[in-house]
Amino acid sequence: MPFFQDLVELIIVPPGDLVYHLVTLFAIQLILGIALGHWNRQRQDPEAIRLLVAGVGFTLTRVLLMLIAILDRVGSLPPVTFLPPFERFLDLVVLLLGVWAFLPVVGRYTRVSVIILLIMLLWAVIAYAVLAALWRPLAGQGVPYNGYWHETVWEAFSVTVLGLALIASLLWRQGDWSLAACLFLLWLSGHSLQLFHPFPAGSNTAGWVRLANLAALPLAAALVYRHALSAAPTYATADTG
């Protein structure tokens with residue numbers, strides 16, 4: 001555990017935090033690029049559409065976080081007043097899109113899954129609006145976000161969603177269910193640790209969640225690649241011998 005704690009501390013402070021954003025952005029670019037190519041070949045395939053939407057959503061969340069990190073470097077805004085709830089909100093959006101895109105059973109209930117996703121995203125937006133408004137006066141008082149009840153709300157919901165997704169992936173075993181289960185387990189481990197053992201103490205950054213993202217997002221890129229590869233047309237060459 002000390003090794004992982006040292007690694008977490010490395011990726012939440014400059015310049016390690018910028019490296020974290022670059023590494024995760026690279027993985028997300030792979031996801032978006034492969035998903036875009038897959039959708040370009042299979043435009044009527046609901047799975048290709050889900051992967052493309054997830055890739056676009058992943059990219060937007062990472063670009064926003066990197067933009068905030070850059071503005072913080074040049075001193076253009078004080079991120080402590082809004083970044084903690086905003087980063088939790090974006091992390092929740094990423095995992096909701098990830099569950100929707102990679103959970104095998106979603107393919108059976110396309111319309112229902114879209115409705116559920118929209119409801120959860122709406123809940124996330126409302127939760128962010130409320131918690132961000134409550135956090136703003138506390139930010140100037142030096143209250144750490146880690147371990148505060150605001151963070152507990154985000155992490156408890158995330159753990160619930162990921163726990164249900166992991167169970168569903170084990171019950172409906174089809175396609176790349178094992179990789180999807182590993183992806184959900186990685187995210188679940190990070191969010192569970194952040195819920196029950198917030199780290200670093202006295203910080204505003206979800207260290208365990210960032211560490212989980214470092215492992216989970218490259219795995220998500222591999223999942224998108226496997227989906228695209230399995231749907232790619234195969235060409236048989238005739239034996240002219």
Side-chain angles (χ1 to χ4, degrees), residues 4-25 28 57-98 120-162 186-217:
F4 292 108
Q5 289 180 337
D6 291 341
L7 185 56
V8 167
E9 291 178 347
L10 180 65
I11 61 176
I12 66 171
V13 297
D17 60 340
L18 188 57
V19 173
Y20 162 79
H21 290 306
L22 289 173
V23 170
T24 52
L25 179 62
I28 288 172
F58 287 3
T59 302
L60 289 177
T61 61
R62 200 54 46 191
V63 168
L64 286 174
L65 285 178
M66 286 199 67
L67 179 61
I68 292 172
I70 292 172
L71 292 177
D72 180 30
R73 293 290 184 279
V74 299
S76 297
L77 80 164
V80 70
T81 59
F82 72 93
L83 183 56
F86 188 61
E87 185 170 5
R88 267 53 166 205
F89 165 70
L90 294 181
D91 283 332
L92 179 58
V93 169
V94 166
L95 70 87
L96 288 175
L97 289 174
M120 289 187 172
L121 289 175
L122 178 60
W123 180 92
V125 171
I126 294 173
Y128 170 71
V130 173
L131 295 178
L134 293 175
W135 171 251
R136 188 160 299 175
L138 296 173
Q141 301 176 17
V143 177
Y145 206 79
N146 286 357
Y148 195 60
W149 71 267
H150 289 203
E151 185 192 47
T152 302
V153 172
W154 293 114
E155 299 305 333
F157 187 75
S158 299
V159 167
T160 301
V161 170
L162 291 167
L186 283 171
W187 269 330
L188 179 61
S189 299
H191 285 276
S192 297
L193 281 170
Q194 194 63 33
L195 174 62
F196 297 108
H197 181 59
F199 185 80
S203 173
N204 295 321
T205 304
W208 292 123
V209 175
R210 284 197 175 188
L211 188 61
N213 283 336
L214 277 179
L217 290 175

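Values below: all heavy atoms of this structure, side chains included; hydrogens, waters and symmetry mates excluded.
- Taking the six-membered ring for Trp and thresholds of 30 and 60 degrees, His197 and Phe199 have nearly parallel ring planes, at less than 30 degrees apart.
- When every heavy atom of Pro198 is checked against every heavy atom of Glu151, the shortest pair comes out as CB-OE1, 3.9 Å.
- Remark: side-chain polar atoms of Glu155 are not paired, donor with acceptor, to backbone N or O of Gln194 under 3.5 angstrom.
- Side-chain contact between Arg210 and His21 is present, with at least one heavy-atom pair separated by less than 4.5 Å.
- Pairing each heavy atom of Arg88 with each of Thr205, the nearest pair is NH2-C, 3.9 Å.
- His191 and Ser158 make their closest contact through ND1-CB, 3.6 Å (heavy atoms, listed as atom of the first residue, atom of the second, distance).
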Next on the checklist: Under the criterion side-chain contact (heavy atoms from CB on, under 4.5 Å), I'd like the reasoning laid out for Leu131 against Phe89: C-alpha separation, chi angles, the key distance, then a yes or no.
Outcome noted: CA-CA 10 Å; Leu131 295 178; Phe89 165 70; over 6 Å; no

Next on the checklist: Go through it in stages, so that I can follow the logic: the residues are Trp135 and Asn204, the test is side-chain contact (heavy atoms from CB on, under 4.5 Å), and I'd like the CA-CA distance, side-chain angles, deciding distance and then a yes or no.
Outcome noted: CA-CA 11 Å; Trp135 171 251; Asn204 295 321; 4.1 Å; yes

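- If you run side-chain contact (heavy atoms from CB on, under 4.5 Å) between Thr61 and each of Leu92, Leu97, Val93, only Val93 comes through.
- Rounding to the nearest 0.5 Å places CZ of Arg62 at 4.5 Å from CD1 of Ile28.
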Item to check | Worked check of side-chain contact (heavy atoms from CB on, under 4.5 Å) between Leu65 and Leu83 | outcome: CA-CA 9 Å; Leu65 285 178; Leu83 183 56; 4.1 Å; yes

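- Contact detail for Phe58 and Val94: the closest heavy-atom pair is CE1-O, 3.2 Å.
- Considering all non-hydrogen atoms of both residues, Pro85 and Ala132 come closest at CG-CA, 4.1 Å.
- Remark: Leu134 CG to Arg136 CZ distance equals 11.0 Å, nearest 0.5 Å.
- Taken to the nearest 0.5 Å, the OG atom of Ser192 stands 12.0 Å off from the CH2 atom of Trp208.
- For Trp123 and Tyr128, the side-chain atoms include no donor-acceptor pair closer than 3.5 Å.
- A side-chain contact (heavy atoms from CB on, under 4.5 Å) with Ser203 is found for exactly one of Ile12, Val13, Val8, namely Ile12.
- Between the CG atom of Asp6 and the CG atom of Leu10 there is a distance of 9.0 Å, given to the nearest 0.5 Å.
- Taking each heavy atom of Leu162 and Leu188 in turn, the nearest pair found is CD1-N, 3.7 Å.
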Checklist entry - Stepwise, does the side-chain contact (heavy atoms from CB on, under 4.5 Å) test hold for Ile11 with Asp17? => result CA-CA 5 Å; Ile11 61 176; Asp17 60 340; over 6 Å; no

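- The closest side-chain heavy-atom distance from Glu87 to Val209 is not below 4.5 Å.
- Without hydrogens or angle criteria, Asn146 side chain to Pro200 main chain gives a donor-acceptor distance under 3.5 Å.
- Counting only N and O atoms by type, the side chains of Trp187 and Asn213 include a donor and acceptor under 3.5 Å apart.
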